[in-house]
Chemist: 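Below: one structure in structure tokens.
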Amino acid sequence: MTPHELWTALPQEARERVDALVVRRRRLTATEEVLKAGVVPRPALHDCFRLVTVRTEIFADRLVPPPRDVDALAGKAAALPGPPVALELEWDGDTQGWILVLGAVLPGPSGRPHPLAQWREAAWTEPLATARTLADRLGVPLRGPGDDGPVPVDARAE
């Protein structure tokens with residue numbers, strides 16, 4: 001199913017919810033919204049994701065900017081279920097390329113850090129400076145990858 005065919009098959013209420021999620025940069029939730037909208041026959045997950053990608057391109061000039069200033073990130077960190085014990089910068093790949101993710105590590109065996117911000121195709125210096133300033137403000141260490149950019153998944157296991 002093409003993105004246009006899928007969009008026209010969606011009920012108006014679902015279209016509005018999808019666009020609201022896209023503008024807030026909630027791509028996976030928007031994809032899920034398309035999938036569960038009741039279109040018959042049920043669209044493939046890939047078709048739903050392609051539609052959300054098209055809607056993201058349409059709304060590119062209206063997307064809510066992600067919080068990247070230190071004050072906004074400190075507010076997000078304060079809203080977590082506990083105070084962070086460290087901040088972590090990590091390269092991650094997604095369907096559109098490499099992103100740099102800043103996460104807050106909470107005490108205990110919680111697993112993955114809670115994401116605070118992400119940068120796509122940004123110079124390494126901007127996220128690093130923001131992360132260092134935030135870590136200093138929170139009084140926690142900053143951990144992160146090397147200066148050489150994304151590490152292939154196979155190399156991470158070593």
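Everything quoted here is computed from the prediction, not taken from an experiment.
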Chemist: Is there a continuous path of hydrophobic side-chain contacts, each under 4.5 Å between heavy atoms, that joins Leu35 to Leu21?
Modeler: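 No.
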Chemist: Working note: Leu89 + Val101, criterion side-chain contact (heavy atoms from CB on, under 4.5 Å); need CA distance, chi angles, decisive distance, verdict.
Modeler: CA-CA 6 Å; Leu89 277 170; Val101 179; over 6 Å; no
Chemist: Donor-acceptor check, side chain of Arg15 to backbone of Trp7, threshold 3.5 angstrom: yes or no?
Modeler: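 Yes, Arg15 side chain to Trp7 backbone: donor-acceptor pair under 3.5 Å.
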Chemist: Taking only residues two or more places apart in sequence or in another chain, which ones pass side-chain contact (heavy atoms from CB on, under 4.5 Å) with His46?
Modeler: Arg50
Chemist: Where is the tightest heavy-atom contact between Glu88 and Pro113, given as atom of each residue plus distance?
Modeler: OE2-CG, 3.4 Å
Chemist: What heavy-atom pair brings Pro107 and Pro83 nearest, and what distance separates the two atoms?
Modeler: CD-O, 3.3 Å
Chemist: Distance-only, no hydrogens or angles: does the Glu16 side chain make a donor-acceptor pair with backbone N or O of Glu13 under 3.5 Å?
Modeler: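 Checking the backbone N and O of Glu13 against the side chain of Glu16, no donor-acceptor pair under 3.5 Å is found.
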Chemist: Transitively linked via ILVMFWY side-chain contacts under 4.5 Å: Leu28 with Val23?
Modeler: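 No; tracing contacts between hydrophobic side chains, which count when under 4.5 Å, never links both residues.
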Chemist: State whether Asp71 and Arg137 are salt-bridged, where the test is any N-O pair (Lys NZ or Arg NE/NH1/NH2 against Asp/Glu carboxylate O) under 4.0 Å.
Modeler: yes
Chemist: Looking only at heavy atoms, what is the nearest atom pair of Arg143 and Val105, with distance?
Modeler: NH2-CG2, 3.2 Å
Chemist: Taking all non-hydrogen atoms of both residues into account, name the closest pair between Leu63 and Val22 and its distance.
Modeler: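 Minimum heavy-atom contact is CD2-O, 3.3 Å.
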Chemist: Counting only heavy atoms not in Arg26, do more than 12 fall under 6.0 Å of its CZ?
Modeler: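 No, because the 6.0 Å sphere around CZ of Arg26 holds 12 heavy atoms or fewer from other groups.
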Chemist: If you measure only the distance, is there a donor-acceptor pair under 3.5 Å linking the side chains of Arg24 and Thr29?
Modeler: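 Note: Arg24 and Thr29 side chains miss the donor-acceptor criterion.
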Chemist: Treating Ile, Leu, Val, Met, Phe, Trp and Tyr as nodes and any side-chain heavy-atom pair under 4.5 angstrom as an edge, say whether Val18 and Phe59 lie in one connected cluster.
Modeler: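 Cluster IDs for Val18 and Phe59 match.
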Chemist: Between Pro81 and Leu106, is there a side-chain heavy-atom distance shorter than 4.5 Å?
Modeler: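 They are in side-chain contact.
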Chemist: Tell me every residue that passes side chain to side chain donor-acceptor pair (under 3.5 Å) with Glu32, counting only those two or more places apart in sequence or in another chain.
Modeler: none
Chemist: So, taking the atom named NZ in Lys36 and the one named CZ in Arg42, what distance separates them when rounded to the nearest 0.5 Å?
Modeler: 11.0 Å
Chemist: Other members of the hydrophobic cluster containing Val40, with the 4.5 Å side-chain heavy-atom rule, please.
Modeler: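 In the cluster with Val40 there is nothing else; it is isolated.
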Chemist: Hydrophobic clustering (ILVMFWY, side-chain heavy atoms < 4.5 Å, transitive) - are Leu45 and Leu6 grouped together?
Modeler: no
Chemist: Quick check: closest heavy atoms across Asp69 and Ala72, and the distance to 0.1 Å?
Modeler: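 Minimum heavy-atom contact is OD1-N, 2.9 Å.
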Chemist: Work out which heavy atom in Ala77 is nearest to a heavy atom in Leu116; give both atom names and the distance.
Modeler: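 That would be N-CD2, 4.0 Å.
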Chemist: side-chain contact (heavy atoms from CB on, under 4.5 Å), that's the test. Do Leu134 and Leu87 meet it? Break it down for me.
Modeler: CA-CA 8 Å; Leu134 181 60; Leu87 295 180; 3.7 Å; yes
Chemist: Determine, step by step, whether Leu10 and Leu51 satisfy the side-chain contact (heavy atoms from CB on, under 4.5 Å) criterion, reporting the C-alpha distance in whole Å, the side-chain angles of both residues, the deciding distance to 0.1 Å, and the verdict.
Modeler: CA-CA 11 Å; Leu10 287 176; Leu51 172 60; 3.9 Å; yes
Chemist: Quick one, Arg55 with Ile58, criterion side-chain contact (heavy atoms from CB on, under 4.5 Å). Give me CA distance, side-chain angles, the key distance, then yes/no.
Modeler: CA-CA 5 Å; Arg55 299 306 293 173; Ile58 290 169; 3.5 Å; yes
Chemist: Roughly how far, to the nearest 0.5 Å, is CG of Leu128 from CG of Leu100?
Modeler: 8.5 Å
